[in-house]
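Below is one structure, written out as structure tokens, with a few remarks after it.
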Number of protein chains: 2
Amino acid sequence: MHNSQVSAETWSIAELAAEYDVTLRTIRFYEDRGLLTPERRGTARVYHPRDRVRLALILRGKRLGFSLDEIARIVDMYDAEPGEEGQLVYLLDQITHRRTELEQRRRDIEETLQDLAEVETRCHADLKALRDQSASS
Amino acid sequence: MHNSQVSAETWSIAELAAEYDVTLRTIRFYEDRGLLTPERRGTARVYHPRDRVRLALILRGKRLGFSLDEIARIVDMYDAEPGEEGQLVYLLDQITHRRTELEQRRRDIEETLQDLAEVETRCHADLKALRDQSASS
DNA sequence: TTCGTGCTTGACGCTTACGTAAACGTAAAG
DNA sequence: CTTTACGTTTACGTAAGCGTCAAGCACGAA
């Protein structure tokens, strides 16, 4: 076997890459940017559940169009130590900010979906017109 | 006055830029990429309502994290001529595809908002703990 | 020992989406 | 006529997010 007894708790870089359909290069790049910090066993990277969760969060952030810098700030919020009051207030501020952005995006999505629905209706109408016409020839 | 009798129907590049808070460079870049096709009056660009709508669509697409290439395809769907059956079927296919993407993004947003809410709750709890502690000293 | 497989670290390349001058046109106002 | 405002093209610069070699280590199988 390739996986030893710890296979339920850790992953190789290739396993993570396969699971989330990204390249090894991408995962290493995220590490370069400080987004992932896998354990080292010798020279090889060993990924723990925490890293796996973070990778999932990173990819979700990317789908939402956030830059890696923004994602770093967001993801780090999850792991933040309680810390001092100033830190906490800052965090709450960031949360408000992100929430505003996300709600804007949600509105954008709703609008776009509605627009698409209209185009679709038009398409179906045009198709019907075409077929009625060819049926009458 | 700077605007002649047609001011209700057309805009200069600077007016559009100010209205949507983008630079002139950005607007010209979108034209380069074929996303906008303003009229030319002499050498100057004159934007009609159609261009204005398209710019709004482009920016919405950007907020959603689409690339300009994808946005071009999406926006062009709105203006598509009825065309032949193959074209229409292709368009309907594209619509389905975009809808799937957008629904994925909407799920991502919901999840992220939930996560943020959890972090927020934790923050408030930590803050309360800090203040209770300092009050008892 | 040699091979294959998987992993490693550089390091250069590429595309996207603009920023940022540079250098010039045009047209109304003072 | 000159200034000012607004516009133009050309072109090089840049940050982000990887792709793509190149060269080498480590380790189990043959």
Side-chain angles (χ1 to χ4, degrees), chain A residues 1-7 10-48 51-52 54-75, chain B residues 1-7 10-48 51-52 54-75:
Chain A
M1 275 284 275
H2 206 250
N3 296 328
S4 46
Q5 66 282 4
V6 286
S7 70
T10 68
W11 295 265
S12 74
I13 188 169
E15 287 169 347
L16 268 196
E19 180 173 357
Y20 289 100
D21 194 30
V22 292
T23 66
L24 307 190
R25 178 71 179 86
T26 298
I27 293 183
R28 294 194 194 108
F29 181 72
Y30 293 160
E31 181 177 347
D32 252 41
R33 298 319 230 35
L35 288 164
L36 295 175
T37 51
E39 183 199 339
R40 291 297 182 127
R41 207 158 288 175
T43 92
R45 294 168 171 85
V46 175
Y47 296 87
H48 292 262
D51 301 303
R52 202 165 152 273
R54 288 179 70 101
L55 179 54
L57 290 176
I58 294 167
L59 297 177
R60 196 174 71 186
K62 285 217 57 187
R63 285 197 301 272
L64 294 177
F66 288 108
S67 76
L68 287 187
D69 272 21
E70 293 174 307
I71 291 172
R73 276 180 235 127
I74 297 173
V75 171
Chain B
M1 274 287 274
H2 206 252
N3 295 329
S4 45
Q5 66 281 5
V6 287
S7 70
T10 69
W11 294 266
S12 74
I13 188 170
E15 287 169 346
L16 268 197
E19 180 173 356
Y20 288 101
D21 195 29
V22 294
T23 66
L24 309 190
R25 178 72 178 86
T26 299
I27 294 184
R28 293 193 195 107
F29 182 71
Y30 293 161
E31 181 177 345
D32 251 39
R33 296 322 228 34
L35 288 165
L36 295 175
T37 52
E39 184 200 338
R40 289 298 182 126
R41 208 159 286 176
T43 93
R45 294 168 170 86
V46 176
Y47 296 87
H48 291 261
D51 302 303
R52 202 164 151 272
R54 287 179 70 101
L55 179 54
L57 291 175
I58 294 166
L59 297 177
R60 196 175 70 186
K62 286 217 57 187
R63 285 198 300 273
L64 293 176
F66 288 108
S67 76
L68 287 188
D69 270 23
E70 293 173 308
I71 291 172
R73 275 178 237 127
I74 297 172
V75 172

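Naming convention: chains lettered A, B, ... in sequence-line order (proteins, then strands); numbering from 1 in each chain.
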Contact under 4.0 Å: [X] side-chain N or O vs [N] OP1/OP2:
X: A/Ser67; N: D/dA15; value: no
X: A/Thr23; N: D/dG19; value: yes
X: A/Tyr30; N: D/dG17; value: no

Closest contact, heavy atoms only, [X] versus [Y]:
X: A/Ala72; Y: A/Leu35; result: CA-CD2, 3.3 Å
X: B/Val75; Y: B/Leu57; result: CG2-CB, 3.9 Å
X: A/Ile58; Y: A/Ile71; result: O-CD1, 3.6 Å

- Message: How long is the straight-line distance from OH of B/Tyr30 back to CG of B/Leu59, given to the nearest 0.5 Å?
- Response: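 The OH atom of B/Tyr30 is 5.5 Å from CG of B/Leu59, to the nearest 0.5 Å.
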- Note on the structure: Taken to the nearest 0.5 Å, the spacing of A/Arg73 CZ from A/Ser67 OG works out to 6.5 Å
What is the distance from [atom1] of [X] to [atom2] of [N], rounded to the nearest Å?
X: B/Arg41; N: C/dG25; atom1: CZ; atom2: C1'; value: 18 Å
X: B/Asp32; N: D/dT9; atom1: CG; atom2: P; value: 9 Å
X: A/Glu15; N: C/dC7; atom1: CD; atom2: C1'; value: 13 Å
X: A/Phe29; N: C/dT8; atom1: CZ; atom2: P; value: 17 Å
X: B/Ile27; N: D/dT9; atom1: CD1; atom2: C1'; value: 17 Å
X: B/Tyr47; N: D/dC6; atom1: OH; atom2: C1'; value: 13 Å
X: A/Arg73; N: D/dA16; atom1: CZ; atom2: P; value: 11 Å
X: B/Glu39; N: D/dG7; atom1: CD; atom2: P; value: 15 Å

- Set of residues satisfying side-chain hydrogen bond (donor to acceptor under 3.5 Å, both in side chains) with respect to A/Glu19, sequence neighbours excluded: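 Partners of A/Glu19 by the side-chain hydrogen bond (donor to acceptor under 3.5 Å, both in side chains) criterion, ordered by chain and then number, come out as A/Arg52.
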- Query: Mind checking what makes side-chain hydrogen bond (donor to acceptor under 3.5 Å, both in side chains) contact with A/Arg63, not counting sequence neighbours?
  - Reply: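 A/Arg63: side-chain hydrogen bond (donor to acceptor under 3.5 Å, both in side chains) contacts with B/Asp108.
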Among the candidates [options], find the nucleotide nearest to the side-chain atoms of [X].
X: B/Lys62; options: C/dC18, C/dC7, D/dG17; result: C/dC18
X: B/Ala44; options: C/dA17, C/dC7, D/dG7; result: D/dG7
X: A/Thr26; options: C/dG19, C/dC7, D/dC18; result: D/dC18

Between the protein and nucleotides 9-15 of chain C, list every N/O to N/O distance that falls short of 3.5 Å.
| unit_1 | atom_1 | unit_2 | atom_2 | d |
| --- | --- | --- | --- | --- |
| C/dT9 | OP1 | A/Arg40 | NH1 | 3.1 |
| C/dT9 | OP1 | A/Arg40 | NH2 | 2.7 |
| C/dT9 | OP1 | A/Arg45 | NH2 | 3.2 |
| C/dT9 | OP2 | A/Arg45 | NH1 | 2.7 |
| C/dT9 | OP2 | A/Arg45 | NH2 | 2.5 |

